[in-house]
Amino acid sequence: MQSSNADGNLLRGTLDFLLLASLEHGPLYGLRIIQDVQHRTSGHFNFKEGTLYPALHRLEKRNLIRAETRPSDTGGPPRKYYHLTDTGHTELTRQRNEQRAHASALRPYLEFT
């Protein structure tokens with residue numbers, strides 16, 4: 001994962017959270033996941049497919065997401081759509097709470113006095 005404004009090593013730990021949150025409102029395929037994250041973070045996070053697909057497979061092995069092959073809406077080859085499982089929804093809630101706590105703890109250090 002890359003970011004235009006920060007060290008990739010620092011941001012690597014947020015990848016699973018961003019992917020789960022991207023799938024919260026319904027199934028998406030790989031390119032749409034990348035576009036969703038880029039759009040919702042105003043381009044701050046820029047994923048490459050080489051980072052995305054291993055992460056999706058890791059989440060699938062943990063039963064947090066499930067893949068389903070569907071015909072392409074543009075007439076091309078079938079696409080693999082990913083969606084959250086019930087376990088994935090629970091994990092997203094847990095991670096969202098953890099991210100909020102993390103941001104709250106950092107707040108005093110982010111404010112310039």
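- Inter-residue side-chain proximity for Arg70 and Pro27 is flagged as met; some heavy-atom pair is nearer than 4.5 Å.
- Residues Ser72 and Pro77 come closest through the heavy atom pair CB-O, 3.1 Å.
- Atoms NE2 and OG1, on His44 and Thr14 in that order, are 8.0 Å from each other to the nearest 0.5 Å.
- Under a 4.0 Å N-O distance rule, the pair Arg40/Asp36 qualifies as a salt bridge.
- For the atom pair Arg66 CZ and Glu68 CD, the distance stands at 10.0 Å (nearest 0.5 Å).
- Using cut-offs of 30° and 60° for the angle between ring planes, the Tyr81 and Tyr29 rings count as perpendicular.
- His57 NE2: more than 12 foreign heavy atoms inside a 6.0 Å radius.
- Neither Tyr53 nor Leu31 shares a network with the other; the hydrophobic side chains, linked directly or stepwise wherever heavy atoms of I, L, V, M, F, W or Y lie under 4.5 Å apart, form separate groups for each.
- Annotation: side chain of Asp16 is in contact with side chain of Arg58 (closest heavy-atom distance under 4.5 Å).
- Using a 4.0 Å cut-off between a side-chain N of Lys or Arg and a carboxylate O of Asp or Glu, Arg96 and Glu24 qualify as a salt bridge.
- The heavy-atom pair separating Leu52 from Gly30 by the smallest distance is CD2-O, 3.4 Å.
- With rounding to the nearest 0.5 Å, the separation of OH in Tyr82 from CG in Leu20 is 13.5 Å.
- Looking at Thr74 and Arg79, their side chains come closer than 4.5 Å, going by heavy atoms from C-beta outward.
- Judged by distance alone, the side chain of Thr41 and the main-chain N or O of Val37 form a donor-acceptor pair under 3.5 Å.
- Atom-to-atom distance recorded for Thr85:OG1 and Leu59:CG is 9.5 Å, nearest 0.5 angstrom.
- Around atom CG of Asp86, no more than 12 heavy atoms belonging to other residues, nucleotides or ligands sit under 6.0 Å away.
- Put simply, the side chain of His83 does not reach to within 4.5 Å of the side chain of Leu23, judged on heavy atoms.
- In this structure, the side chains of Glu49 and Ile34 come closer than 4.5 Å at one or more pairs of heavy atoms.
- From Ile65, atom CD1 reaches atom CG of Leu56 across 4.5 Å, with rounding to the nearest 0.5 Å.
- Between Glu98 and the options Arg94, Arg100, His102, a side chain to side chain donor-acceptor pair (under 3.5 Å) holds for only Arg94.
- Side-chain polar atoms of Asn46 and Gln38 form a donor-acceptor pair below 3.5 angstrom.
- With 3.5 Å as the limit, one finds a donor-acceptor pair spanning the side chains of Glu91 and Gln95.
- His39 places no side-chain N or O within donor-acceptor distance of the main-chain N or O of Gln35, the cut-off being under 3.5 Å.
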Verdict with reasoning, Leu84 to Leu64, per side-chain contact (heavy atoms from CB on, under 4.5 Å): CA-CA 6 Å; Leu84 288 178; Leu64 301 178; 5.7 Å; no
